[in-house]
Chemist: 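Below: one structure in structure tokens.
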Amino acid sequence: MRLSRGRAALRQLSLVSSPNRQQIYRPFQQSLTLTGARLKPFRNYATSVSAANLEFGQPVYETHPHILKPGEITQGITAHEYASRRSRLALSLPPDGVALLAAADLKYRSGAVFYPYRQDSNFLYLTGFLEPESLAVIRKTGPGPDDYLFSLFCRPKDPRAEQWSGPWSGLEAAEDVFNADNSYDISRASTTLPSLLRGASKIFTDIPPSLTTPSNIGSLLKSLSLPTSPLQTLVNTLRAIKSPAEVAAMRHAGQVSGRVITSAMRRPWTLEKDIHAYLDYGFTQHGLSGPAYVPVVAGASRGCMIHYVHNTSDLPANSTVLVDAGGEYGYYVTDITRTWPVSGKFSPAQKDLYNAVLTVQRQCVALCRENAGVSLDEIHRAAENGLREQLALLGFEGLTAGTKRWTGQGGEDLMDVLFPHHVGHYVGLDVHDVPGYGRSVALKKGHCVTVEPGVYVPDDERFPKHFRGLAVRIEDSVAVDEEGPHVLTTEAVKEVEDIEALR
């Protein structure tokens, strides 16, 4: 049954009261106007099921109301938004085009010890389904936003296996919770998938031919001899521009993470590992699921190593500590870097270098607006020019006014020594989001980026002695709006006076 365009029915599991007032689950149908999405009507069940007997492979509102709100599939993102994403992807496909995505594999740390499972970001973005051993198929069936079919291959319910691994959602939930038009047993993908792909004009996928799980999918695709193209470019176009719900999720992650980092600044520390542990715990508070990435906690000259993550050394009282860390909410991340004095008070040299970087960081954040018409690459060039000016004022030599680069002895580029990384990157479901999406694209409303200039002064006689060994990086996550930036991480203090006032 197909719904008329512009109208959709969303099937959900909802708590309702039975005549004897016992809480039971019953699927219900809610009609609504929804642009660019359509969801099929629910099937009728002969009986209702006790809430106590339902188990899913991930939180749903009915079992985890302390985590999810009504209508949400993952924190902050509703079933309607997931459906709209699939609709927009289908609109970008050619007639009879198919998008095919595989879930991420479970990764093993050592022997039988596995890492916490993390779904493939594109698969997550389009389905909200958080289990391994799954395939998603989105096939365009016509020219309209409702004209596509969403099929989900996953594991059927298996009480014996789930006794060991914990619950998974099963085939009925694939349709009733995740709104697949059809669901199939993943173990039968090799026989079922060819019929779904029959007559396809082109398959858009990033599944490599060497991929063996699930169901030897790589070899199967190769055997079908259908034309293929990468899917990543199409999905990047969707993921790069964040919806209001995505920005809100990132704002919550930034707000909580910023407060945790500011709280860490208030405390005296003697070991890098203690800050690391404090942040990891803090990033589980207020709905956050934990750290978004392994943090950098780099004391003294170790801050000059951009991605130092050993976090095992002591913190000399006269040094600074550079912390690059952030939490995750609903799989959306935040990315923050702050540098502060271990003693609570900057030395004169530390303060001068810090303020130089902060001045440039403020200038770059101000450019994160659509009406500025600039790209991340152009903001990077502005950061280079700004740092060149600021460091010249501090006595760094080798700068010729008006030139693009510094040049040291032997033609070495001193800017690459002092500022060796890009000023920013996209951020979202991944810390370095939408891989392959160019930084030469003019920023538009909905882009979310980091702004992170830094200066890392090696122990080198070409640089002023009192700055050698110092490292400063200041980073915020920023949502681009039409007329100004929306800083998502403002709770992490960064003014010198504010940092020193914390103690």
Side-chain angles (χ1 to χ4, degrees), residues 76 236 239-262 292 323-329 332-339 354-387 389-390 419 421-434 437-455 472-499:
N236 276 353
R239 283 179 54 187
I241 302 297
K242 289 357 183 229
S243 70
E246 291 177 289
V247 173
M250 295 173 66
R251 172 67 183 121
H252 183 69
Q255 182 181 60
V256 175
S257 300
R259 288 172 178 167
V260 171
I261 290 173
T262 295
V323 171
D324 186 337
E328 183 177 86
Y329 177 76
Y332 285 88
V333 308
T334 195
D335 195 354
I336 307 172
T337 304
R338 293 293 185 265
T339 307
Y354 184 92
N355 278 328
V357 176
L358 180 60
T359 296
V360 173
Q361 203 254 359
R362 286 200 210 98
Q363 293 169 349
C364 292
V365 168
L367 292 173
C368 295
R369 61 186 196 277
E370 184 172 334
N371 64 5
V374 298
S375 65
L376 275 175
D377 281 342
E378 289 169 308
I379 294 176
H380 178 75
R381 289 190 284 273
E384 284 186 327
N385 292 335
L387 289 174
E389 295 171 1
Q390 291 294 319
F419 180 36
H421 58 78
H422 203 284
V423 75
H425 54 80
Y426 302 100
V427 65
L429 285 173
D430 293 306
V431 178
H432 286 249
D433 207 36
V434 289
Y437 188 83
R439 286 190 269 210
S440 61
V441 177
L443 295 180
K444 297 181 179 179
K445 181 178 180 179
H447 277 130
C448 290
V449 299
T450 66
V451 178
E452 49 182 307
V455 172
V472 176
R473 182 164 72 248
I474 304 170
E475 175 185 20
D476 284 296
S477 296
V478 181
V480 177
D481 211 334
E482 292 174 349
E483 297 183 354
H486 179 199
V487 179
L488 303 173
T489 50
T490 188
E491 283 75 14
V493 301
K494 61 184 179 182
E495 302 295 330
V496 167
E497 295 79 5
D498 294 334
I499 293 172

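This one's a predicted model, so the numbers in the text were calculated from it and none came from an experiment. Here, residue 1 is the first one in the sequence, and each next residue gets the next number.
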Chemist: Indicate yes or no for a side-chain donor-acceptor contact from Tyr426 to the backbone of Gly438 under 3.5 Å, with no hydrogens or angles considered.
Modeler: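 Such a contact is found between Tyr426 side chain and Gly438 backbone.
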
Chemist: With no hydrogens and no angle check, just 3.5 Å: does a side-chain donor-acceptor pair link Asp476 and Thr489?
Modeler: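 Short answer, yes.
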
Chemist: With the side chain counted from C-beta on, respond yes when Ser375 and Val441 share a heavy-atom pair under 4.5 Å apart, and no when they do not.
Modeler: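 A side-chain contact is absent here, since even the closest heavy-atom pair is not under 4.5 Å.
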
Chemist: Would you check if Leu387 and Glu389 make a side-chain contact, meaning some heavy-atom pair closer than 4.5 Å?
Modeler: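 No; the side chains remain at least 4.5 Å from each other.
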
Chemist: Given Asp335 and Ser477, is the side-chain hydrogen bond (donor to acceptor under 3.5 Å, both in side chains) satisfied, shown in steps?
Modeler: CA-CA 6 Å; Asp335 195 354; Ser477 296; 5.8 Å; no

Chemist: Kindly compute the distance separating CZ (Arg338) from CZ (Arg473), expressed to the nearest 0.5 Å.
Modeler: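 That separation rounds to 11.5 Å.
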
Chemist: Looking at Met250 and Cys448, what are the two nearest heavy atoms and their distance?
Modeler: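 Heavy atoms only, the tightest pair is CE-CB, 3.7 Å.
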
Chemist: Identify the heavy atoms of Arg369 and Glu483 that sit nearest to each other, and give their distance.
Modeler: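 Looking at all heavy atoms of both residues, the shortest contact is CD-O, 3.5 Å.
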
Chemist: Here's a test for you: under side chain to side chain contact (heavy atoms under 4.5 Å, CB included), which of Leu376, Val365, Ile379 qualifies with Val449?
Modeler: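 The residue from Leu376, Val365, Ile379 that satisfies side chain to side chain contact (heavy atoms under 4.5 Å, CB included) with Val449 turns out to be Leu376.
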
Chemist: Which heavy-atom pair separates Cys364 from Val423 by the least distance, and what is that distance?
Modeler: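 Heavy atoms only, the tightest pair is SG-CG2, 4.4 Å.
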
Chemist: Can you tell me how the ring of His447 sits relative to the ring of Tyr437, calling it parallel under 30°, perpendicular over 60° and tilted otherwise?
Modeler: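 His447 and Tyr437: tilted rings.
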
Chemist: Taking the side chain as every heavy atom from C-beta outward, state whether Val431 and His425 have any atom pair closer than 4.5 Å.
Modeler: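 Val431 reaches His425 side chain to side chain.
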
Chemist: Taking the side chain as every heavy atom from C-beta outward, state whether Gln361 and Thr337 have any pair of such atoms under 4.5 Å apart.
Modeler: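 Sidechains of Thr337 and Gln361: no contact.
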
Chemist: Measure the CG-NE2 distance between Asp481 and His486 for me, rounded to the nearest 0.5 Å.
Modeler: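 Between atom CG of Asp481 and atom NE2 of His486 there are 8.5 Å.
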
Chemist: Please find the pair of heavy atoms, one from Val360 and one from Pro453, that lie closest to each other, and give the distance.
Modeler: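 Nearest pair, atom of Val360 first, then Pro453: CG1-CB, 4.3 Å.
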
Chemist: Measuring from Arg251:CZ to Thr490:OG1, what's the distance to the nearest 0.5 Å?
Modeler: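 Arg251 CZ to Thr490 OG1: 7.0 Å, rounded to 0.5 Å.
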
Chemist: I want to check something: taking the side chain as every heavy atom from C-beta on, are Gln255 and Thr334 in contact at a cut-off of under 4.5 Å?
Modeler: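 Side chain of Gln255 against side chain of Thr334, heavy atoms only: no contact under 4.5 Å found.
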
Chemist: State, yes or no, whether a side-chain contact exists between Ile474 and Tyr354 at a heavy-atom distance under 4.5 Å.
Modeler: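 In contact.
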
Chemist: Any chance you could measure Leu488, atom CG, to His252, atom NE2, to the nearest 0.5 Å?
Modeler: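 So the gap between those two atoms works out to 13.0 Å.
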
Chemist: State the CD1-CZ distance between Ile261 and Arg259, to the nearest 0.5 angstrom.
Modeler: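 Here the rounded value is 13.0 Å.
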
Chemist: How many angstroms lie between atom CD of Glu246 and atom CZ of Arg239, to the nearest 0.5 angstrom?
Modeler: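 Here the rounded value is 9.0 Å.
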
Chemist: Is any side-chain heavy atom of Lys494 less than 4.5 Å from a side-chain heavy atom of Thr339?
Modeler: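 Not in contact.
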
Chemist: Can you find a pair of side-chain heavy atoms, one from Tyr332 and one from Leu429, that are under 4.5 Å apart?
Modeler: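 When only atoms from C-beta onward are counted, Leu429 and Tyr332 do touch, with a gap below 4.5 Å.
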
